[in-house]
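Below you'll find the structure, written out as structure tokens, and then a few comments.
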Amino acid sequence: MDPARRDALIRTYRDGLLRDTLPFWLRHAVDRERGGFLFCLGRDGAVVDTDKPVWIHGRFVWLLATLYATVEPRSEWLELARHGLDFLRRHAFDNDGRMFFLLDREGRPLRKRRYLFSECFTVMALAAYAWAAGDAAAGREASLLFRRILHRYDTPGLFEPKIDPRTRPTRGLAMPMILIAVAQTLREATGDPSATACIDRAIGEIDRLFVNRSLGCVLETVGPGGEFLDHFEGRLLNPGHAMEAGWFILHEARLRGGDPRLVRLGCEIIDLAWERGWDREHGGMLYYVDARGLPPAEYWHEMKFWWPQTEAILATLMAWRLTGEPRFAARHREAHDWAHAHFPDPEHGEWFGILRRDGTVSSPLKGTWWKGPFHLPRMQWMCWKLLDERV
């Protein structure tokens, strides 16, 4: 990558974050009347639904606190991180210690899911806030909630299975993948001694169970010992998730001084995700593909969601920074150029969330229960910092 392109990319990521993405959410999402944030926004930022997804609150608090700690100590960012965290503390926890998935505007519970994603992103929020604000109590909260997550995940019968395990026991990629990021954030913020062991275990599970080298793919759902399940769910590949898992592992390699074993594994996962997920006809990352090349059952399989594109941009750039391999630089160019040609909204800012396969806009919404200020600004922040490293 020549210096001129690198400098142009730094401007794209830095200015996209600080002048477009973040200002969009700060203008439109802050709920000063009832607390927390309103993430369900139309194209121009108008609120289209006042219900509040808990996990995206955790993600936004993490972002604001992280930017305060790593970019600039702007008091507004820390104040809004505290604003979001206060809402989570007041309303997001059920009496059993679990967290809700969705609240109404006042913070009353609407929905609770079997997944632990609300808890995972709240750990990241608490840890990042502890780091940014020097708040040791928030760090202790993060560690306690992290241990509750691991207890529920590891104790048979507590983590409710998706399908009846008596008929077909399964394991999913999502939890070991997200636990890497949660533990990395907690370790950086608090030095929690259990974090590295959790990361090592999660990486080992991904390598041993989900990277299927005979099929040449990273599976989302497997049997308890990594067995290939020749059914719709077992064959379903999510290239965006695989890209994310790959760069989480590469980030751990960076933190360990360039650990060659982790670099090899992370790059292998990113290669597999690219080969299976990149749309060679239209460009962009497909949402789902079938491990055997059969038609996927999910009807949105060929649509282009925003977040797999951001994960591909970040994963290929990190792989290039660690290895210098030309294929990663070329793939980063493809992923970056395609996404930036199709997703940004030149009129109202931010990115559209869902495109059709050919890159035309399917939905003008900027925020939903699933899309908020996370994948895009995280990519912009990390790519900016990766490219700004002069060594």
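Just so you know, these numbers come straight off a predicted model, no measurement behind them.
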Would you name the heavy atoms of [X] and [Y] that are closest together and state the gap between them?
{"X": "A128", "Y": "T185", "answer": "N-CG2, 4.4 Å"}
{"X": "P23", "Y": "L17", "answer": "CD-O, 3.7 Å"}
{"X": "Y153", "Y": "E205", "answer": "OH-OE1, 4.0 Å"}
{"X": "A174", "Y": "H241", "answer": "CB-CE1, 4.4 Å"}
{"X": "K52", "Y": "G35", "answer": "NZ-O, 2.5 Å"}
{"X": "F210", "Y": "E220", "answer": "CE2-O, 3.8 Å"}

Any non-hydrogen side-chain atom of [X] less than 4.5 Å from a side-chain atom of [Y]?
{"X": "D290", "Y": "L237", "result": "no"}
{"X": "L103", "Y": "R108", "result": "no"}
{"X": "E302", "Y": "H282", "result": "no"}
{"X": "Y13", "Y": "M382", "result": "no"}
{"X": "D51", "Y": "R111", "result": "no"}
{"X": "L26", "Y": "L64", "result": "yes"}
{"X": "H91", "Y": "F100", "result": "no"}
{"X": "I269", "Y": "I206", "result": "yes"}

Evaluate the ring planes of [X] and [Y], with Trp represented by its six-membered ring, and classify them as parallel (under 30°), tilted (30 to 60°) or perpendicular (over 60°).
{"X": "H342", "Y": "W338", "value": "parallel"}
{"X": "W278", "Y": "W274", "value": "parallel"}
{"X": "F101", "Y": "W370", "value": "tilted"}

Judged by atom type as modelled, is there a donor-acceptor pair below 3.5 Å linking the side chain of [X] to the main-chain atoms of [Y]?
{"X": "Q309", "Y": "M285", "answer": "yes"}
{"X": "R114", "Y": "E160", "answer": "yes"}
{"X": "E347", "Y": "D345", "answer": "no"}
{"X": "R74", "Y": "Y68", "answer": "no"}
{"X": "D104", "Y": "G107", "answer": "yes"}
{"X": "R98", "Y": "R113", "answer": "yes"}
{"X": "R152", "Y": "L158", "answer": "yes"}
{"X": "E119", "Y": "M99", "answer": "yes"}
{"X": "R321", "Y": "E389", "answer": "yes"}
{"X": "R276", "Y": "G216", "answer": "yes"}

### Message
Under the criterion side chain to side chain donor-acceptor pair (under 3.5 Å), I'd like the reasoning laid out for W247 against E311: C-alpha separation, chi angles, the key distance, then a yes or no.
### Response
CA-CA 8 Å; W247 79 252; E311 301 313 307; 2.7 Å; yes
### Partner of F121 under side chain to side chain contact (heavy atoms under 4.5 Å, CB included), chosen from I178, V54, V182
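Running side chain to side chain contact (heavy atoms under 4.5 Å, CB included) over I178, V54, V182 with F121 returns exactly one hit, I178.
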### Check against side-chain contact (heavy atoms from CB on, under 4.5 Å), D31 and T50
CA-CA 10 Å; D31 188 350; T50 58; over 6 Å; no
Aromatic ring proximity, centroids under 6.0 angstrom, [Y] and [X]:
{"X": "H83", "Y": "F60", "value": "no"}
{"X": "W25", "Y": "F37", "value": "no"}
{"X": "W351", "Y": "H340", "value": "yes"}

### Task
Mind running side-chain contact (heavy atoms from CB on, under 4.5 Å) on C120 and I149 for me, showing each step along the way?
CA-CA 7 Å; C120 284; I149 291 169; 4.1 Å; yes
### Query
Should R168 and E233 count as an ion pair when the cut-off is N to O under 4.0 Å?
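Looking at R168 and E233, the cut-off is not met.
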### Pair D135 + R82, salt bridge at N-O below 4.0 Å
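Salt bridge flag = no for R82 with D135.
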### Message
Set out, in order, the CA-CA distance, both residues' side-chain angles and the distance that settles side chain to side chain donor-acceptor pair (under 3.5 Å) for T196 and R187, then state yes or no.
### Response
CA-CA 7 Å; T196 298; R187 182 180 59 193; 3.0 Å; yes
### Message
One pair to check against side-chain contact (heavy atoms from CB on, under 4.5 Å): M379 and L376. What are the steps and the verdict?
### Response
CA-CA 5 Å; M379 177 273 288; L376 174 59; 3.8 Å; yes
### Task
Give a yes/no verdict on a cation-pi contact between R235 and F232, requiring under 6.0 Å between NZ or CZ and the six-membered ring centre and an angle within 45° of the axis.
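Judged by the rule (NZ or CZ under 6.0 Å from the ring centre, within 45° of its axis), R235 counts as positioned above F232.
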### Message
Taking the six-membered ring of Y287 as reference, does the cationic atom of K304 (NZ for Lys, CZ for Arg) lie under 6.0 Å from its centre and within 45° of its axis?
### Response
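K304 over Y287 ring: no.
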### Task
For Q184 and H251, run side chain to side chain donor-acceptor pair (under 3.5 Å): C-alpha distance rounded to whole Å, both residues' side-chain angles, the deciding distance at 0.1 Å, then the answer.
CA-CA 9 Å; Q184 286 170 341; H251 183 53; 4.6 Å; no
### Query
Between L386 and M318, does a side-chain contact (heavy atoms from CB on, under 4.5 Å) hold up when you go through it step by step?
CA-CA 7 Å; L386 280 168; M318 191 176 292; 4.1 Å; yes
### Query
Are S194 and D192 close enough, and set up right, to give a side chain to side chain donor-acceptor pair (under 3.5 Å), and what steps lead you there?
CA-CA 6 Å; S194 67; D192 190 304; 2.6 Å; yes
### Task
Start with the C-alpha distance between D271 and R331, add both sets of side-chain angles, then the distance that settles salt bridge (Lys or Arg N to Asp or Glu O under 4.0 Å), and finish with yes or no.
CA-CA 10 Å; D271 280 334; R331 290 170 180 176; 2.5 Å; yes
